[in-house]
Peer 1: 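Structure below; questions to follow.
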There are 2 protein chains.
Amino acid sequence: MANIKDVAERAGVSVATVSRVLNGHSPVAETRERVLAAVRELGYRPNNVARALRTARTGALGLIISDLTNPFFTELADAVEDEARSLGYSLIIGNAGERPEQQDDHIRTLLDRRIDGLLVSSAGTGSAMLGEVVGSGTPLVLLDRTVPGIDAPCVRADGRAAMTDLAAHLAALGRRRPAIIVAPAGTPTGDERLDLFRTALAAHGIGLPDERVGAAHDLQHTGGRRVMSDLLDLPQRPDAVLATDNLMALGAMDELKARGLRVPDDVALVSYDDVPWFAHTDPPLTVIAQPTRELGRVAVHTLLARIEGRPAGSVLLPARLVTRRSCGEPPAH
Amino acid sequence: MANIKDVAERAGVSVATVSRVLNGHSPVAETRERVLAAVRELGYRPNNVARALRTARTGALGLIISDLTNPFFTELADAVEDEARSLGYSLIIGNAGERPEQQDDHIRTLLDRRIDGLLVSSAGTGSAMLGEVVGSGTPLVLLDRTVPGIDAPCVRADGRAAMTDLAAHLAALGRRRPAIIVAPAGTPTGDERLDLFRTALAAHGIGLPDERVGAAHDLQHTGGRRVMSDLLDLPQRPDAVLATDNLMALGAMDELKARGLRVPDDVALVSYDDVPWFAHTDPPLTVIAQPTRELGRVAVHTLLARIEGRPAGSVLLPARLVTRRSCGEPPAH
DNA sequence: AGGCTCTAGGTAATCGATTACACGAGCTCG
DNA sequence: CGAGCTCGTGTAATCGATTACCTAGAGCCT
């Protein structure tokens with residue numbers, strides 16, 4: 001592949017001039033044309049590796065996704081990629097598959113590649129490498145999930161308003177024995193969603209005792225299904241269940257179906273994350289929708305601010321309740 | 001961040017020695033220990049950018065995905081990433097979103113970054129840049145979709161056996177008026193699936209006239225829904241529909257539901273791609289399952305063969321029919 | 001005309017690694 | 001005992017760009 005020297009020779013100028021033309025620095029008409037012609041004729045494209053070495057800027061951002069096969073994160077990754085690209089950065093995606101070691105492995109290679117900044121929606125409860133990222137000086141922004149002890153801005157959704165609406169919705173429909181399926185114990189996201197739900201219900205005089213709080217062993221289909229099974233085995237079966245992740249909701253639905261229970265007649269079901277096909281389930285699922293694409297966009301902007309040395313703090317974007325039919329009574333419209 | 005010179009100084013050796021220790025080339029016990037100690041103390045990590053410049057190997061592969069939000073491709077990307085990582089490469093994913101211009105844009109930046117090889121599941125019917133990739137000498141392997149006129153191995157699924165089984169399945173269940181929903185006209189994948197289906201049906205004396213062949217305007221939910229609508233408006237409604245992509249199948253299902261038609265009683269429905277939630281629809285969908293993860297793995301190996309100069313040709317892996325209940329009669333088991 | 005500023009463009013250092021080549025020390029072997 | 005090895009290590013070239021610094025000439029002023 002042609003390099004800058006070839007172009008310089010062909011245009012009869014020095015490499016410096018070629019570089020200047022290409023970066024729009026100083027050069028002027030006549031020389032400029034010759035250089036551009038040479039570039040065209042040789043099909044020259046600057047070598048980004050060399051450029052990155054010299055400028056200490058790779059023009060690449062890293063994104064660690066906790067589970068790429070989870071549609072919520074797929075959409076998040078897609079949004080991040082779009083935004084990064086439109087701002088002239090390319091994106092290297094690493095999928096942690098909810099495994100902290102794999103996450104660390106990815107972070108290490110991204111640092112070795114000298115990416116300009118890193119976005120992380122962390123698997124598990126964080127990891128040693130995240131500390132190193134901060135230490136290395138590479139700009140870091142957390143996405144969707146906070147990590148205790150890591151000093152970096154976090155961009156995520158605020159479920160408070162949606163939870164308030166949800167509690168009101170359930171109360172209005174006469175549901176009195178709610179339950180919740182949360183992420184494995186100790187994850188900040190799980191704890192927070194539980195707190196918010198409990199608080200919101202309390203405002204309507206509805207309790208959420210610990211026996212109706214189920215922590216899944218994983219953030220997957222089977223995790224949700226198993227917890228739903230436990231909940232249904234309770235002496236008093238819950239009459240409404242909130243699954244705090246879309247895959248767990250899917251598992252929960254399957255368990256209900258397997259037992260011949262009907263949604264919403266026997267049990268109301270609500271999920272977090274409005275993934276496209278929830279509108280096509282039977283019945284369509286009422287969900288707490290996070291502003292997924294917006295989260296991705298804002299995260300990229302926050303990261304760029306950090307990269308450019310501008311101040312940037314955490315951001316909370318409101319989630320909202322999308323009422324469909326899985327709690328009963330189709331919404332009047 | 002510490003560089004190789006810092007390490008050399010601290011260990012009291014030359015940079016050459018440090019490099020040799022780190023790459024396991026020649027050095028021996030005593031010096032080796034000193035170098036490793038220095039590396040540890042300084043937290044040194046080699047700069048991959050510099051290394052890539054010198055060795056002309058970046059250790060990165062590129063993957064262009066036609067639509068990352070399509071679960072089939074998400075799983076494919078995930079499999080490719082896993083395999084690449086386990087072989088010591090990192091992966092840069094570019095999402096074309098079914099837009100050829102965006103695909104070209106991605107390919108361009110990947111080439112500029114001097115990736116060691118490129119995997120492409122091409123959006124549309126290919127693009128000018130693909131020709132340039134071949135011209136540039138960057139090893140290229142096509143994935144899932146062939147591109148006419150591009151001289152590169154292609155790794156994809158062979159639907160023949162599955163189609164044969166499907167035709168037999170439909171015939172056995174007494175379906176006589178099949179229809180098919182294919183990708184926009186002119187895409188090799190669409191044409192091929194149509195041919196295979198038609199041929200397989202013919203063996204049972206069942207015809208597939210053009211009026212029951214619907215080309216969607218896009219590979220999405222709405223594309224599938226619109227075509228299904230047209231098919232249902234036919235004077236003689238089809239009694240079985242094969243949607244050749246999972247998103248189109250979802251659209252088709254919605255149209256059936258909207259018209260109050262029942263699956264499989266009124267119309268049998270079959271989809272391509274066994275995405276996880278098809279097992280959870282009502283009724284569970286009979287599908288032609290592609291060996292998705294295997295495709296990803298094989299594609300990476302084929303690409304590595306190319307990179308290392310070993311010969312490597314196209315690969316076809318058999319798809320298979322997964323019988324569930326959307327064509328009637330649950331399978332005996 | 002001499003001196004000044006301004007601009008275009010060349011020369012060479014630089015980024016951080018890898019690696020060809022050279023060199024000296026310690027061996028073996030005739 | 002010295003020629004010839006091998007082995008470990010250092011010196012310096014190299015990858016392909018960017019950019020600080022310098023020079024030459026043009027234009028302008030007094």
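Basis for what follows: all heavy atoms, side chains included, without hydrogens, waters or symmetry-related copies. Each chain gets a letter, A, B and so on, in the order the sequences are listed, and its residues count up from 1.
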Peer 1: Separation of Arg34(B) atom CZ from dT9(D) atom C1', in whole Å?
Peer 2: 11 Å
Peer 1: Within the structure shown, what part of the strands sits under 4.0 Å from Val13(A) by heavy-atom distance: base, sugar-phosphate, or nothing?
Peer 2: sugar-phosphate
Peer 1: When the C1' atoms of the five terminal pairs at each end define the local axes, what inter-axis angle does the helix from dA1(C)-dT30(D) to dG30(C)-dC1(D) show, to 10 degrees?
Peer 2: 60°
Peer 1: Strictly distance-based, threshold 3.5 Å: is any side-chain N or O of Asp273(B) a donor or acceptor partner for the main-chain N or O of Phe72(B)?
Peer 2: no
Peer 1: Identify, with sequence neighbours excluded, every residue that meets side chain to side chain donor-acceptor pair (under 3.5 Å) alongside Thr109(A).
Peer 2: none
Peer 1: Could I get a table of every N or O pair under 3.5 Å where one atom is in the protein and the other is in nucleotides 15-17 of chain C?
Peer 2:
{"unit_1": "dG16(C)", "atom_1": "N2", "unit_2": "Ala50(B)", "atom_2": "O", "d": "3.4"}
{"unit_1": "dA17(C)", "atom_1": "OP1", "unit_2": "Tyr44(B)", "atom_2": "OH", "d": "2.8"}
{"unit_1": "dA17(C)", "atom_1": "OP1", "unit_2": "Asn47(B)", "atom_2": "N", "d": "2.8"}
{"unit_1": "dA17(C)", "atom_1": "OP2", "unit_2": "Ile4(B)", "atom_2": "N", "d": "2.2"}
{"unit_1": "dA17(C)", "atom_1": "O5'", "unit_2": "Tyr44(B)", "atom_2": "OH", "d": "3.3"}

Peer 1: Which pairs with one or both residues in residues 121-135 of chain A pass salt bridge (Lys or Arg N to Asp or Glu O under 4.0 Å), sequence neighbours excluded?
Peer 2: none
Peer 1: Please collect all salt bridge (Lys or Arg N to Asp or Glu O under 4.0 Å) contacts where either partner lies in residues 68-79 of chain B, sequence neighbours excluded, each pair once.
Peer 2: Asp78(B)-Arg293(B)
Peer 1: Sequence neighbours left out, what passes side chain to side chain donor-acceptor pair (under 3.5 Å) with Asn23(B)? Give chain and number order.
Peer 2: Ser19(B), Arg51(B)
Peer 1: Report the distance from atom CD of Glu33(A) to atom P of dG9(C), rounded to the nearest whole Å.
Peer 2: 12 Å
Peer 1: Could you work out, with salt bridge (charged side-chain N to carboxylate O under 4.0 Å, His left out) as the rule, every residue matching Arg40(A), not counting sequence neighbours?
Peer 2: none
Peer 1: Do any pairs count as a salt bridge (Lys or Arg N to Asp or Glu O under 4.0 Å) and have a residue in residues 295-306 of chain A, sequence neighbours left out, and if so which ones?
Peer 2: Glu294(A)-Arg297(A)
Peer 1: Which residue pairs pass the salt bridge (Lys or Arg N to Asp or Glu O under 4.0 Å) test with at least one member in residues 112-123 of chain A, sequence neighbours excluded?
Peer 2: Arg57(A)-Asp116(A), Asp112(A)-Arg45(B)
Peer 1: Distance check needed: dT18(D) C1' versus Arg20(A) CZ, whole Å only.
Peer 2: 10 Å
Peer 1: For a quick test of reading the model: is some side-chain N or O of Thr17(A) closer than 4.0 Å to OP1 or OP2 of dG10(C)?
Peer 2: yes
